[in-house]
Amino acid sequence: GDRDKLRAYFDDEPVRAFIKAQTGADQPVLTYLSTLSPKAGWIYSTQDAPEPYVVLEAISEGVSFSTMNNLQADYLVALRPQLDKLDKFKAIAAALRHYEKPYDFNFDFATDHALVCTELLWRSYRPGPGKTGLRIPLITVMGRKTLPANQIAELYAKEHGSENQQLQFVHFLDGREKLKKAFVADEKVFLKSHRRTKWDVFLK
């Protein structure tokens with residue numbers, strides 16, 4: 001979300017207590033995040049564009065902010081972590097620490113000096129001391145641990161309806177390459193999407 005939504009959403013006692021424990025002061029949310037990554041905090045908190053930066057992602061240019069209109073993909077799904085506000089805040093704080101790191105063209109999850117798209121999510125939300133986080137297992141591809149985006153879709157399908165479900169379905173845009181369009185699809189369609197062939201988007 002934009003800065004106003006972020007500020008309002010995290011106006012929460014556990015979050016305020018966490019910030020005070022970290023800094024020794026009652027800092028506003030955006031002030032605290034700016035101390036973690038000054039340039040990222042400045043860009044996020046001061047821009048007033050008609051299309052605000054609401055996404056932090058790892059693309060070929062590196063870890064950077066984007067608007068929703070700048071996102072490019074064959075398909076797009078929004079999944080909401082079923083975590084409390086403090087855990088989500090810790091994930092955002094972790095993500096900002098990676099701002100401006102280069103893209104990892106080696107797809108190496110063993111180090112964090114450079115990151116790929118799913119690695120940013122995995123590192124930001126992974127469990128740690130005082131942080132429930134998300135349990136997203138890596139897989140081995142050509143001898144290396146990694147996380148194709150499709151594995152997250154498969155994880156959602158495996159956990160769906162169980163007491164261990166970590167993610168909540170929000171929205172799914174299903175691509176149709178032949179029509180050069182995307183269409184809103186429901187959760188039932190998304191639950192099967194991880195089984196599609198690699199070139200599925202071009203076959204429709």
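Heads up: numbering here begins at 1 and tracks the sequence. Note that the structure is predicted; figures quoted are calculated from it, not measured.
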Checklist entry - Would you say the side-chain atoms of S37 pair up with the backbone N or O of K39, donor to acceptor, closer than 3.5 Å? => result no
Item to check | Taking every non-hydrogen atom, the tightest pair across F172 and V77 | outcome: CD1-CB, 3.9 Å
Checklist entry - Between atom CG of L134 and atom CD of Q166, what is the distance when rounded to the nearest 0.5 Å? => result 5.5 Å
Checklist entry - Would you say the side chain of V63 lies within less than 4.5 Å of the side chain of L56, judging by non-hydrogen atoms? => result yes
Next on the checklist: Other residues, nucleotides and ligands only: do more than 12 of their heavy atoms fall within 6.0 Å of CZ on R80?
Outcome noted: no
Next on the checklist: Go through it in stages, so that I can follow the logic: the residues are L30 and R3, the test is side chain to side chain contact (heavy atoms under 4.5 Å, CB included), and I'd like the CA-CA distance, side-chain angles, deciding distance and then a yes or no.
Outcome noted: CA-CA 8 Å; L30 291 177; R3 66 188 183 198; 4.1 Å; yes
Item to check | Rounded distance [0.5 Å steps], CD1 in I136 versus CD in Q151 | outcome: 11.0 Å
Checklist entry - Between D11 and R16, is the closest basic N to carboxylate O distance under 4.0 Å? => result yes
Next on the checklist: Less than 4.0 angstrom from a charged side-chain N to a carboxylate O is my criterion; do D74 and R196 meet it?
Outcome noted: no
Item to check | Residues D12, L86; criterion side chain to side chain contact (heavy atoms under 4.5 Å, CB included); working and verdict | outcome: CA-CA 8 Å; D12 187 67; L86 179 56; 5.8 Å; no
Checklist entry - Charged N to carboxylate O below 4.0 Å: is that the case for D87 and K85? => result no
Item to check | CA sep, side-chain torsions, deciding dist, call: V170, L79, side chain to side chain contact (heavy atoms under 4.5 Å, CB included) | outcome: CA-CA 6 Å; V170 179; L79 301 172; 6.0 Å; no
Next on the checklist: Taking the ring centre of each residue, are F107 and F105 less than 6.0 Å apart?
Outcome noted: no
Checklist entry - Which heavy atom in A157 sits nearest to a heavy atom in L191, and how many Å separate them? => result CB-O, 3.6 Å
Item to check | Partner set under salt bridge (charged side-chain N to carboxylate O under 4.0 Å, His left out) for R123, not counting sequence neighbours | outcome: E119
Checklist outcome for this item: The reported gap from CG in L155 to CD in Q165 (rounded to nearest 0.5 angstrom) is 9.5 Å
Item to check | Minimal non-hydrogen separation, A182 against L173, with atom names | outcome: CB-CB, 4.4 Å
Checklist entry - Is any side-chain heavy atom of V54 less than 4.5 Å from a side-chain heavy atom of M68? => result yes
Item to check | By side-chain hydrogen bond (donor to acceptor under 3.5 Å, both in side chains) - contacts of Q82 (at least two apart) | outcome: none
Item to check | Main-chain N/O of Q27 paired to T31 side chain as donor or acceptor, under 3.5 Å | outcome: no
Next on the checklist: Determine whether V29 and I19 satisfy the following criterion, side chain to side chain contact (heavy atoms under 4.5 Å, CB included), listing intermediate values before the conclusion.
Outcome noted: CA-CA 8 Å; V29 166; I19 293 174; 4.2 Å; yes
Next on the checklist: Does any part of the side chain of S64, heavy atoms only, come nearer than 4.5 Å to the side chain of I59, both counted from C-beta?
Outcome noted: yes
Checklist entry - How about Y75 and F190: are their ring centres within less than 6.0 Å of each other? => result no
Checklist entry - Rounded to the nearest 0.5 Å, how far does CG of N150 lie from CD of E154? => result 7.0 Å
Item to check | Within-4.5 Å side-chain heavy-atom neighbours: L83 and Y125 | outcome: yes
Checklist entry - Looking at K131 and A94, what are the two nearest heavy atoms and their distance? => result NZ-CB, 4.3 Å
Checklist entry - Between D104 and F109, is any pair of side-chain heavy atoms under 4.5 Å apart? => result no
Checklist entry - Hey, does the side chain of W122 reach the backbone of L147 with a donor-acceptor pair shorter than 3.5 angstrom? => result no
Next on the checklist: Parallel, tilted or perpendicular: which one describes the rings of F65 and Y99, with boundaries at 30° and 60°?
Outcome noted: tilted
Next on the checklist: Is there a path of hydrophobic side-chain contacts, each under 4.5 Å between heavy atoms of I/L/V/M/F/W/Y residues, joining V116 to V141?
Outcome noted: no
Next on the checklist: As a quick check of understanding, evaluate salt bridge (charged side-chain N to carboxylate O under 4.0 Å, His left out) for K101 and D112, giving each step before the final call.
Outcome noted: CA-CA 9 Å; K101 287 185 178 181; D112 68 352; 3.7 Å; yes
Next on the checklist: A side-chain contact here means heavy atoms from C-beta on lying under 4.5 Å apart; do D174 and V184 qualify?
Outcome noted: no
Checklist outcome for this item: Minimal heavy-atom distance between E159 and S162, with the atoms involved, is O-OG, 2.7 Å
Checklist entry - Can you tell if the side chain of C117 reaches within under 4.5 Å of the side chain of E57, non-hydrogen atoms only? => result no
Item to check | Heavy-atom check, side chain of Y32 versus side chain of F10, under 4.5 Å | outcome: no
Next on the checklist: Under a 3.5 Å cutoff, is there a donor and acceptor pairing between the side chains of E187 and Y156?
Outcome noted: yes
Checklist entry - Among the clusters formed by ILVMFWY side chains lying less than 4.5 Å apart, do I152 and I139 turn up in the same one? => result no
Item to check | Backbone of V189 reached by a side-chain donor or acceptor of D186 within 3.5 Å | outcome: yes
Next on the checklist: Less than 4.0 angstrom from a charged side-chain N to a carboxylate O is my criterion; do D4 and R7 meet it?
Outcome noted: yes
Checklist entry - Between the side chain of K90 and the main-chain N/O of G130, is any donor-acceptor distance below 3.5 Å? => result yes
Next on the checklist: Let me confirm one number: the NZ-NE2 distance from K192 to H194, rounded to the nearest 0.5 Å.
Outcome noted: 11.0 Å
